[in-house]
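Read through the structure below, which is laid out as C-alpha cells, and then see the notes.
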Amino acid sequence: MLDIQLLRTDLAHVARRLAARGYAFSVTEFNALEAERKMLQTHTQDLQARRNAVSRQIGNAKSKGEDVDVILAEVANLGGELRQAEAQLAQTQTALQQMLLQIPNLPHSSVPEGNSETDNREVRRWGTPRSFNFTARDHVSIGESLGLLDFPTATKLSGSRFSFMTGGLARLHRALAQLMLDAHTREHGYTEAYVPYLVNAESLRGTGQLPKFKEDLFEIPRKKMTPTDVHSQNGTDQGALSTEGQYPLEDDNLYLIPTAEVPLTNIARDQIIALESLPVKLTAHTPCFRSEAGSYGRDTRGMIRQHQFDKVEVVQLAHPQQSYEALEELTGHAEKILQKLELPYRVMALCTADLGFSAAKTYDIEVWLPAQNAYREISSCSNCEAFQARRMQARFRNEKGKPELLHTLNGSGLAIGRTLVAILENFQNADGSVSIPKALQHYMDGLDRLTA
RNA sequence: GGAGAGAUGGCCGAGUGGUCGAAGGCGCUCCCCUGCUAAGGGAGUAUAGGCUCAAAAAGCUUAUCGAGGGUUCGAAUCCCUCUCUCUCCGCCA
C-alpha cells in the first residue's frame, strides 16, 4: 500500500511512476474521493467535538446538582445527525481504502524503464552452459526413463500440474532442501523457521496477494455459523437460509500459502521490532500452492509450473536505510546456491513493466536449461520497501525511539522443483544417467549418479 | 466437544456510566543532588488521523482500554455477537 500522504502531496509523481509500470491510475477518481473524505471528516469531527463538549457540560452540571433539561433539549437532534455523518464517512473511507489496496508499489529509481519482460536488463552471468556431444533431453524424458518421475500417476492422484517422484529423485529433492537450508542458516545468517501452510486473509492482505489476486490462491472453505444463520435457524424464517448465512464468511477462510514469504513476513504484522534486532533474517522450507489461473497452455509439460512445489524462502525485515544493500546481499545468497550446484545462471533486473505488485525492485535469477536452450526463472528477489509493512503495520523503533515502518524483502533461495529440473538437464549423461553435483553427494550418502 | 476465567499503555496493574488517554508501580529518557557505588529529588515517557499553515514550529480537534455492533446527552465501565488466551474434563497425531 502506498502512503496516502504521498498521494495527497505529490499525486502527479505517483501517477507518473505508476504509469511507468503500466498501471493507469485515475487521478480524478482519487481527487473526488479525497475531497469527499475531507468534507465528511471535517463535518463529522465537528459534530463529535460538539457532542463531547455538551456531554462534559452535562456531567459538570449534574455534579453541581443543576438542571440539565435545557442542555439536553439543545442537542436533541445531534445524535441522528452524527450517526448519519459517521456512516457516510465510514463509507467513503472504505472506498478510499479499497482503492489504495489495489494500487501496486512504485518502482525504485534504479529500476530500468520498460514495456515488457524483453526490457529486463541482464546484470551479470555466472558459469558457462555446457555443450553436449549428444542431444540433450528434457527433464521429463530423463526422469521418466530413469523410472523416477511419473506424471500419469500424479494426474491420477490429483490432476494436471502435479508431480510424483520416487527413489533417488525424491531423495535428491529432499537433499536440495537440506543443502539450501544449511547454507542459509550456517553461512548466510538466517534463522530457520517452521511455519503454517494455511494462513488467514489478513496475512495475505499484508503481503499483497489479497484482495487483488484471490484467483491465484487455493482457498479452504470453513463451515461457520454467522449471526444471521443462528437467527434464521431459530425459526421465524422457514424459507431458504440466506446465502450469506448458509455459506461461510470469506474472512474466516484459510488459504494455502503461495510462498513462505506470506507467513515469514507476516510475523512482523502489528509488531514493533527493536532496532537492535534488525535485520531480522528468516528462512523456511515449505510447499507452495498456486492455482495458476490464467496460465493455461504455458509450461504444460514437466514440472516447471506446478500447483504444488517446494521452495526454500529467505526473508529479511530491514532498516529502511539498509534495505537496498540487503537486496543485493539477499540476491547473492540465492546465487550462492546455484554456484554450489555448479548451475549456470544470469541475474536480471526486472524492468518497470515486469515488477510484481508489491515490489519496488526485483532481481530474477534465471538458470540455464539445456533442453529449452534458455535461461528460466528459478528465483525472484524483491525489496518491497514499506509497501507491505504499511499494509501490515510492521514497524521498528527507530534511532529516535519512534515507531517507523520496516522494509521487507523476500527471495527464493531457491525454488526446489526448478532446481531439480536444472540438475536433471545440466548433469545428464549420454547413457541416460544423471550425475549428482558434488555439493549434494554428501546429502545422498555419497551417491554420485542416478541410474535406471 | 463440555465447564469456567480472562483480554487495559513497553511491562505489571487499578478503574462498574461523566472532566479517563486512563491512578499507582516497574522500566526508559533528561535534569538535580551525592567525590565512586548504593540511595534520594524533579520533569518527561502511546499510536494513527484531520483541520489551520507556503513550510516548520505551534495550535485546535477526532479516534483507539481484544474486534464489531447496541443502549445513552455521555461507555474502559452496561447489553449483544465474535476472536484469542488460560484452567479443568473429554477426544486425538
Side-chain angles (χ1 to χ4, degrees), chain A residues 1-10 33-97 100 194 196-203 205 222-234 242 244-245 248-254 266-277 386 389-406:
Chain A
M1 195 161 67
L2 299 180
D3 186 358
I4 194 163
Q5 303 291 359
L6 187 64
L7 299 207
R8 291 205 264 249
T9 56
D10 205 355
L33 262 178
E34 227 333 73
E36 190 178 315
R37 186 228 100 226
K38 190 165 170 173
M39 191 265 287
L40 286 170
Q41 183 161 0
T42 311
H43 178 57
T44 306
Q45 293 194 347
D46 280 351
L47 290 175
Q48 286 171 329
R50 209 161 115 229
R51 177 205 59 198
N52 290 348
V54 170
S55 297
R56 223 170 291 135
Q57 216 179 326
I58 292 174
N60 263 327
K62 272 199 167 170
S63 68
K64 288 181 204 150
E66 293 169 3
D67 186 36
V68 295
D69 287 357
V70 187
I71 313 175
L72 278 177
E74 205 180 302
V75 292
N77 50 14
L78 192 73
E81 215 181 320
L82 184 74
R83 214 177 299 260
Q84 197 192 346
E86 281 175 337
Q88 284 176 341
L89 178 62
Q91 205 184 334
T92 65
Q93 269 178 334
T94 306
L96 205 52
Q97 185 72 6
L100 235 44
Y194 173 81
Y197 302 157
L198 288 166
V199 295
N200 56 33
E202 220 180 323
S203 294
R205 201 174 303 123
R222 273 173 139 182
K223 264 269 182 292
K224 198 147 228 179
M225 292 299 186
T226 67
T228 47
D229 213 6
V230 173
H231 287 150
S232 43
Q233 282 207 330
N234 282 351
S242 71
E244 205 182 19
L249 290 172
E250 180 193 310
D251 260 11
D252 283 328
N253 287 347
L254 292 174
N266 270 281
I267 63 157
R269 173 151 52 86
D270 296 320
Q271 294 286 311
I272 299 176
I273 292 170
L275 184 63
E276 357 16 302
S277 324
R390 191 169 293 108
R391 290 170 160 247
M392 294 191 291
Q393 283 304 298
R395 296 174 294 176
F396 70 104
R397 208 167 280 285
N398 68 17
E399 291 78 356
K400 290 176 183 165
K402 288 291 167 195
E404 185 181 332
L405 293 172
L406 286 162

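Here the structure is a predicted model, which is why all the values come from computation and not from measurement. Residue numbers start from 1 in every chain, and the chains themselves are labelled A, B, ... in the order their sequence lines are given, proteins ahead of strands.
Atom C1' of A5(B) sits at a distance of 26 Å from the matching atom of U64(B), rounded to the whole Å. Distance check on atom C1': G24(B) versus G15(B) gives 11 Å, rounded to whole Å. G9(B) and A22(B): their P atoms are spaced 14 Å apart (whole Å). Using atom C1' as the reference point in both C53(B) and C60(B), the two lie 12 Å apart (nearest Å). Spacing of P atoms, C84(B) relative to C73(B), comes out at 35 Å, to the nearest Å. Here, U77(B) and C65(B) have their C1' atoms 10 Å apart, quoted to the whole Å. Only the P atoms considered, U19(B) is 33 Å distant from U83(B), to the nearest whole Å. Between A23(B) and U47(B), the distance separating the two P atoms is 16 Å to the nearest Å.
Heavy-atom neighbours of Gln91(A) CD from other residues, nucleotides or ligands within 6.0 Å: at or below the threshold of 12.
Among the heavy atoms of the strands, none lies under 4.0 Å from Arg50(A). Here Gln93(A) lies out of heavy-atom contact (under 4.0 Å) with every strand.
U45(B) is paired with G27(B) under the Watson-Crick or G-U wobble criterion, all donor-acceptor distances under 3.5 Å. Within the shown strands, nothing qualifies as a pairing partner of G9(B) under the Watson-Crick or G-U definition with both distances less than 3.5 Å. Figure legend. C53(B) is base-paired to no nucleotide; pairs are counted as Watson-Crick or G-U wobble with both atom distances under 3.5 Å. Using N1 to N3 plus N6-O4 or O6-N4 for Watson-Crick, or N1-O2 and O6-N3 for G-U wobble, each under 3.5 Å, C88(B) pairs with G2(B). Taking a pair to require two hydrogen-bonding distances under 3.5 Å in either a Watson-Crick or a G-U wobble arrangement, G18(B) pairs with C73(B). Base-pair partner of A93(B): not found among the strands shown (Watson-Crick or G-U wobble, both distances under 3.5 Å). In a base pair of the Watson-Crick type (N1 to N3 plus N6-O4 or O6-N4) or a G-U wobble (N1-O2 and O6-N3), with each distance short of 3.5 Å, U34(B) is matched with no nucleotide. Searching all strands for a Watson-Crick or G-U wobble partner of U81(B) with both distances below 3.5 Å returns A67(B).
Rounded to whole Å, atom P of G69(B) lies 10 Å from atom CD of Glu86(A). Between Asp46(A) atom CG and A63(B) atom C1' there is a gap of 15 Å when expressed in whole angstrom units. The interatomic distance linking Ile71(A) (CD1) with U19(B) (P) rounds to 15 Å, in whole Å. Gln393(A) places its CD atom 18 Å from the P atom of A46(B), with the value rounded to the nearest Å. The distance from atom CZ of Arg37(A) to atom P of A63(B) is 16 Å, rounded to the nearest whole Å. Rounded to whole Å, atom P of G10(B) lies 17 Å from atom CG of Leu275(A). Leu47(A) places its CG atom 16 Å from the P atom of C73(B), with the value rounded to the nearest Å. Atom CG in Leu89(A) sits about 12 Å away from atom P in A63(B), given to the nearest Å.
The two residues Glu202(A) and Asp270(A) make their nearest non-hydrogen contact at OE2-OD2, 4.5 Å. Minimum interatomic distance between Arg391(A) and Met1(A) (heavy atoms only, all atoms of both residues): NE-N, 3.3 Å.
Candidate nucleotides U62(B), U52(B), A63(B) were compared by shortest atom distance to the side chain of Arg51(A), and A63(B) ranks first. Counting only heavy atoms from C-beta on, Arg56(A) has its side chain closest to U19(B) among C51(B), G74(B), U19(B). Across C73(B), U47(B), U52(B), the shortest atom-to-atom separation from the side chain of Ser55(A) is found for C73(B). Closest contact between the side chain of Asn60(A) and the listed nucleotides U19(B), U61(B), C73(B) involves U19(B). With A48(B), U62(B), G49(B) as the choices, the nucleotide that has an atom nearest any side-chain atom of Gln48(A) turns out to be U62(B).
Along RNA chain B, the nucleotide nearest Gln45(A) and the nucleotide nearest Leu72(A) are compared for position; the residue whose nucleotide lies closer to the 5' end is Gln45(A). Closest-nucleotide positions on RNA chain B for Pro403(A) and Arg83(A) were compared, and the one nearer the 5' end corresponds to Pro403(A).
Checked by atom type and distance alone, the side chain of Thr42(A) pairs as donor or acceptor with a backbone atom of Lys38(A) at under 3.5 Å. A donor-acceptor contact shorter than 3.5 Å is absent between the side chain of Ser277(A) and the backbone of Ile273(A).
In this view, Arg390(A) satisfies the side chain to side chain donor-acceptor pair (under 3.5 Å) rule with no residue, not counting sequence neighbours.
For C73(B), neither phosphate oxygen OP1 nor OP2 lies less than 4.0 angstrom from any side-chain nitrogen or oxygen of Asn52(A). For the pair Lys62(A) and U19(B), the criterion of a side-chain N or O lying under 4.0 Å from OP1 or OP2 is not met.
A donor N or O paired with an acceptor N or O is not found under 3.5 Å between the base of G49(B) and the side-chain atoms of Gln41(A).
Side chains of Asn52(A) and Ser55(A): a donor-acceptor N/O pair is absent below 3.5 angstrom, by distance only. Between Gln48(A) and Glu86(A), the side chains place a donor N or O and an acceptor N or O closer than 3.5 Å (distance only, hydrogens not considered).
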